[in-house]
Amino acid sequence: MESIVSAAQGTLTLSPSSSPPDPPASLTGSFPAADAAGITWPWAAQRDPILVLGAGLMGRLLAASLVEVGHPVRIVEAATAPESSAAHFAAAMLAPLAESAVAEASVVAQGYYALSRWPALLASLPEPVFFQQEGTLILWHRQDAGEARRFSSLLAAVVERLPALPKPQPLDAQALAELEPSVAGRFAQGLYLPQEGQLDNRQLLSALLAKLRQHEVEVEWGCPWDLKQAQAWQQQTGGWVLDCRGLGSQKEWGGQKLLRGVRGEVVRLYAPEVSLRRPTRLLHPRYPIYIAPKPGQVFVVGATEIESEDRSPVSVRSALELLSAAYAVHPAFAEARILELGSQCRPTLADNLPAVVERSPRLLQINGLYRHGFLISPAIHDAVLEYLHQGSCRLAQQLGIPFQVQAAPLSGESLSPCVS
């Protein structure tokens with residue numbers, strides 16, 4: 001599918017440098033840390049007022065950082081309750097190499113950058129958030145060995161292009177039993193992807209709200225503001241507007257042709273007899289699933305990705321496939337209790353890549369995080385704040401984030417890259 005920004009079609013240099021790279025180059029070398037990329041934390045800038053549209057993951061993350069460095073922040077949200085966002089239903093896995101089989105190289109780079117940023121972001125919050133970085137386990141049944149070979153070859157190609165990534169480790173039955181004893185005897189082989197992680201999405205979303213309350217900022221729920229209302233606020237205050245509404249801004253992005261919803265369905269289980277230590281993915285030609293263990297013996301199981309903006313309850317077929325696959329990984333899931341069957345739609349741009357667009361001066365539209373919200377949001381967060389405080393987008397260039405400055409109203413499907 002045609003890229004939303006031409007620069008992201010090529011590859012980008014990720015090694016830190018004193019001057020912005022000229023894309024396209026090569027995706028080799030180390031991944032930039034915030035300080036190595038020339039970004040100062042916290043930023044020394046005039047503390048302009050900020051209006052954030054949307055209180056999902058991206059809106060809360062940006063608002064919490066901005067209020068911490070002294071900006072007056074206002075955050076409005078169309079939904080009437082905190083539990084309505086796509087982020088609330090996510091598994092929050094931080095697995096860039098596992099996702100590389102279906103994701104662009106730039107998303108992989110953003111994901112590895114984010115892995116190094118999450119600990120600092122979480123440390124600034126007033127409530128604890130479960131964070132784990134013990135890798136991803138890939139499993140398959142004997143009849144799906146062909147799918148495993150295909151998946152392994154895809155990962156090998158990614159690592160060849162991105163030699164800075166940790167290499168997948170093949171596991172025989174003995175090594176698998178040592179790494180994950182709970183699946184011993186049920187799988188003859190697997191793959192281990194080092195350094196990958198996960199966090200508890202609901203703890204994070206709650207902690208971000210708590211941080212806002214610490215700074216006397218309350219989300220204004222049930223306020224479906226559009227860009228005209230935001231620009232009226234901007235004219236009065238002279239501040240910045242950060243539009244993080246996801247599908248709520250579909251009209252301003254030009255409709256479903258450019259910004260669409262992709263439905264996902266998950267089941268949350270309480271399984272006290274299951275002891276998986278790390279996120280586990282079961283390969284299957286039709287519905288590869290993931291199982292993400294959360295605190296308190298809760299497991300998030302998901303797989304489905306449906307090109308639809310339907311937000312109705314989970315289908316019987318999806319529920320049967322998810323539960324059957326979980327049982328195939330560990331038979332103790334048969335006695336698990338179903339806590340929740342949930343579905344949501346992830347905001348997705350035409351090329352499945354994220355994008356930041358300055359629609360008018362000091363009005364940024366941030367959208368298209370697709371199924372990678374928790375994986376890449378720290379990278380998007382840092383790139384947005386670098387531009388807001390320094391007027392540059394070096395990090396966006398280094399990580400291949402489509403970033404258009406001073407954009408005219410959207411009328412087509414292509415964006416021009418940021419020039420800092």
Side-chain angles (χ1 to χ4, degrees), residues 34 39-43 45-79 82 85-88 92 110 113-114 117-118 120-126 129 199 201 204-220 223 225 227 230 233-234 237 239-246 248-249 347 354-359 362-369 372-393 395-396 399 401-403 418:
I39 306 168
T40 306
W41 318 107
W43 307 268
Q46 182 179 354
R47 302 303 189 245
D48 297 314
I50 308 285
L51 172 65
V52 178
L53 304 180
L57 171 62
M58 202 72 247
R60 294 187 205 187
L61 200 60
L62 285 165
S65 292
L66 289 162
V67 75
E68 186 176 36
V69 296
H71 287 277
V73 172
R74 183 177 185 182
I75 180 167
V76 300
E77 165 60 49
S85 70
H88 180 78
Q110 293 159 34
Y113 171 90
R117 286 286 290 131
W118 272 121
L121 290 169
L122 298 179
S124 70
L125 300 177
V129 176
L199 52 80
N201 57 316
L204 172 63
L205 293 171
S206 174
L208 289 168
L209 290 181
K211 183 172 180 178
L212 290 171
R213 287 193 294 269
Q214 268 191 345
H215 293 272
E216 300 182 343
V217 175
E218 292 287 345
V219 176
E220 298 174 42
C223 292
W225 280 30
L227 288 189
W233 173 92
Q234 189 179 46
T237 64
W240 284 80
V241 175
L242 306 180
D243 183 2
C244 306
R245 291 175 294 157
S249 62
V356 182
V357 175
E358 189 173 26
R359 185 183 181 96
R362 298 163 75 88
L363 193 162
L364 297 182
Q365 294 179 293
I366 304 146
N367 218 316
L369 273 67
H372 308 304
F374 288 90
L375 176 65
I376 65 175
S377 53
I380 308 298
H381 164 278
D382 287 0
V384 167
L385 295 184
E386 178 196 357
Y387 181 69
L388 192 151
H389 289 98
Q390 298 185 9
S392 65
C393 41
L395 184 64
L399 295 178
I401 299 170
F403 203 124
C418 172

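Position 1 is the first residue of the sequence, and the numbers go up from there. Remember, it's a predicted structure, so these values are computed and weren't measured experimentally.
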Exercise for the section: Identify the two heavy atoms, one from L125 and one from A207, that lie closest to each other, and give their separation to 0.1 Å. Expected result: CD1-CB, 3.8 Å
Completion exercise
Nearest heavy-atom contact between I75 and A63 is CD1-CB, 4.1 Å
Practice task
Using modelled atom types only, decide if a donor and an acceptor are shared between the side chain of R60 and the backbone of L205 within a distance under 3.5 Å.
Solution key: yes
Problem - Side-chain heavy atoms of P82 within contact of H88, under 4.5 Å - result: no
Completion exercise
The reported gap from CG in L242 to CG in L51 (rounded to nearest 0.5 angstrom) is 8.0 Å
Handout entry: Considering all heavy atoms, the nearest A87-N201 contact
Key = O-ND2, 2.8 Å
Exercise for the section: To the nearest 0.5 angstrom, please state how far the OH atom of Y113 sits from the CG atom of L375. Expected result: 13.5 Å
Exercise for the section: State plainly whether the residues D243 and R359 are in salt-bridge range, i.e. N to O under 4.0 Å. Expected result: no
Problem - Spatial distance of atom CG (L53) from atom CG (L363) [nearest 0.5 Å] - result: 7.5 Å
Exercise for the section: Would you check if there is a donor-acceptor pair between the side chains of S249 and Q365 at a distance under 3.5 Å? Expected result: no
Handout entry: Side chain to side chain, E77 and R245, heavy atoms closer than 4.5 Å
Key = no
Handout entry: Any donor-acceptor N/O pair, S65 side chain to L62 backbone, under 3.5 Å
Key = no
Completion exercise
Nearest heavy-atom approach of S85 to G56 is CB-CA, 4.1 Å
Handout entry: Note, I50 side chain near V241 side chain (heavy atom, < 4.5 Å)
Key = no
Handout entry: Distance, nearest 0.5 Å, that separates CD of Q234 from CZ of R362
Key = 7.0 Å
Practice task
Rounded to the nearest 0.5 Å, what's the gap from CH2 on W240 to CD on E358? Could you check?
Solution key: 5.5 Å
Exercise for the section: Give a yes or no on whether the backbone of V52 and the side-chain of R74 come within a donor-acceptor separation of less than 3.5 Å. Expected result: no
Problem - E68 and S124: CA distance, side-chain angles, deciding distance, side-chain contact (heavy atoms from CB on, under 4.5 Å) verdict - result: CA-CA 9 Å; E68 186 176 36; S124 70; 3.9 Å; yes
Exercise for the section: Return yes if a side-chain donor-acceptor contact under 3.5 Å exists between H71 and H215, otherwise no. Expected result: no
Problem - Main-chain N/O of Q390 paired to E386 side chain as donor or acceptor, under 3.5 Å - result: no
Problem - Side-chain heavy atoms of F374 within contact of L369, under 4.5 Å - result: no
Fill in the blank from the handout: Taking every heavy atom of L121 against every heavy atom of P378, the minimum-distance pair comes out as CD1-CB, 3.7 Å
Handout entry: Exercise: identify the closest heavy-atom pair between L399 and A379
Key = CD1-CB, 3.9 Å
Handout entry: Q110 side chain vs S377 backbone, donor-acceptor pair below 3.5 Å
Key = no
Practice task
Report yes if some heavy atom in the side chain of Y387 is under 4.5 Å from a heavy atom in the side chain of L364; otherwise report no.
Solution key: yes
Completion exercise
d(S206 OG, L204 CG) to nearest 0.5 Å is 9.0 Å
